[in-house]
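Below is one structure, written out as structure tokens, with a few remarks after it.
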Amino acid sequence: MAARPALDIQTAQALDAADPLSRFRQQFLLPPAANGQPLVYFAGHSLGPQPRNARAFVQEALDDWARHGVEGHFAGRYPWLPYHELLTETTARLVGALPSEVVVMNTLTVNLHLMLASFYRPTVGRDLILVEAGAFPSDRHAVASQARWHGRDPADVVVEVAPRPGEAHLRDDDILETLARLGERTALVLFGNCNYLTGQAFDMAAIVRAGHAAGCTVGFDLAHGAGNLDCRLHDSGADFAVWCNYKYLNSGPGGLGGAFVHERHHTADLPRLAGWWGHDKASRFVMGPDFSPIPTAEGWQLSNPPILQMAAVRASMDLFDAAGIANLRARGDRLTQCLADWVDCLPAGRVRLLTPREPQRRGSMLTLHVPGRAAEVAEQLQAQGIAVDLRRPDILRLTPAPLYCCFEDVARAGQALTALFD
Ligand SMILES: *Cc1c(COP(=O)(O)O)cnc(C)c1O
């Protein structure tokens, strides 16, 4: 039952007109629906839409390449040699880190492996990896293969913390209880900060506190948190984090990932998989045999980065920076709450909300359990110009991302859903 009346189109339009963040919608190329109008794009947790300025940023890099050839490393308005540094400040503000703690490089799973190479250091008696049940497959493959890499059987060392039977999400207390019980035998705790499927957000600082108290290393996968939640990574105390830039962060298909390494580790004697781009900048081109890592997160870089992809990340990060993640989170919460109000009006028993209701336990995504009808509902919504994400057989994910989705989108989707279940 609805706690309050669901948002109608007129009220939604008034809210849009009154919110200064509404102007960012114009900065995106939202794919057109069949009728030529922009899609209600609720699939940004999967692939964000294209920022309008991405083409110009990529074009500029292409032009520099044409004009300067190899000299493009030093010439042009944005030389390639320090190009990744253009993303440092904006990325640090986005995830709540010190500039020295972040770097944009590689892709998510690659970065996860690089971080695990440094931060999963099993010893006899302390070799468990604690993860959320229902983690994204790539994360599970990564930890399982790291366990094998260290001569362990994943069945012995990878421990999943699961929701209680019949419950959709994890209780915070159960995470902490598991840490209290297994912490002494746990080498690494790896959680999403927002689960990709249920949308449950975890209390990172609490997990870090409990993990560190038990002597564990604690890392996060922010694939569904970066650009969605106000992550405050540095203050959380997390040892490391990784994310991708192509979901909430709109940097294009296969776009580059990001990594965070807490400053306390920058000069620590950690094993790492090294490459020349992680080597001290002053002596990188001396081309000597010894590896002297940059004493920041940049020290984990491997290769000279793909500038064309990085240009697209820049386009998006500039928009996030102009909007501010705290502002976006507040707007995202309002949009999501309005969508939840509509969902509450749908017939119980035919639709169940799997995402936690409390704003601090979710971001801008709602997961609906629609037994028997999810595929059909997704198809009908798409036909009406509303793009959602189907996880077969019964799951729909709807993401009113605050940078380009608006209140009117939410009202339209709510009306369409209501009609479909009438
Ligand atoms: C999207 C996603 C990935 C994808 O990894 P890539 O290496 O970017 O292909 C991995 N983990 C999580 C939690 C994700 O949401």
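Hydrogens, waters and symmetry mates play no part in the numbers below; they use all other heavy atoms, side chains included. These figures come from a predicted structure and were not determined experimentally. We count ligands from 1, going down the list as the structure has it; atoms in each ligand are counted the same way.
The distance from ligand 1 to the heavy atoms of His224 drops below 4.0 Å at these ligand atoms: 15 (O). The ligand atoms of ligand 1 that sit less than 4.0 angstrom from a heavy atom of Asp221 are 11 (N), 12 (C), 13 (C).
What sits closest to atom 3 (C) of ligand 1 on the protein, heavy atoms only, is Phe136 CE2, 3.4 Å. Nearest protein heavy-atom contact of atom 9 (O) of ligand 1 is Tyr246 OH, 3.5 Å. The single protein non-hydrogen atom nearest to atom 5 (O) of ligand 1 is Thr109 OG1, 3.3 Å, given as residue, atom name and distance. Lys247 NZ, 2.5 Å is the protein heavy atom nearest to atom 15 (O) of ligand 1.
Here's the thing with Tyr196: none of its N/O atoms is less than 3.5 angstrom from an N/O atom of ligand 1.
Ionic pairing of Glu408 and Arg412 is present here: one or more N-O contacts between side-chain nitrogen and carboxylate oxygen are shorter than 4.0 angstrom. Between Arg23 and Asp16 there is no salt bridge, since none of the side-chain N atoms of the basic residue sits less than 4.0 Å from a carboxylate O of the acidic one. Ion pairing between Glu132 and Arg140 fails under the 4.0 Å rule for side-chain N and carboxylate O.
The six-membered or imidazole ring of His265 lies near that of Phe119, with a centre-to-centre distance under 6.0 Å.
Contact detail for Pro402 and Ser364: the closest heavy-atom pair is CD-OG, 3.8 Å.
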Enumerate, atom names and distances included, each donor-acceptor pair closer than 3.5 Å involving a side-chain atom of residues 181-193, sequence neighbours excluded.
| from | atom 1 | to | atom 2 | distance (Å) |
| --- | --- | --- | --- | --- |
| Arg181 | NE | Glu177 | OE2 | 2.9 |
| Thr186 | OG1 | Leu182 | O | 2.7 |

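Contacts of Asp139 with ligand 1, taken as heavy-atom pairs under 4.0 Å, involve the side chain alone.
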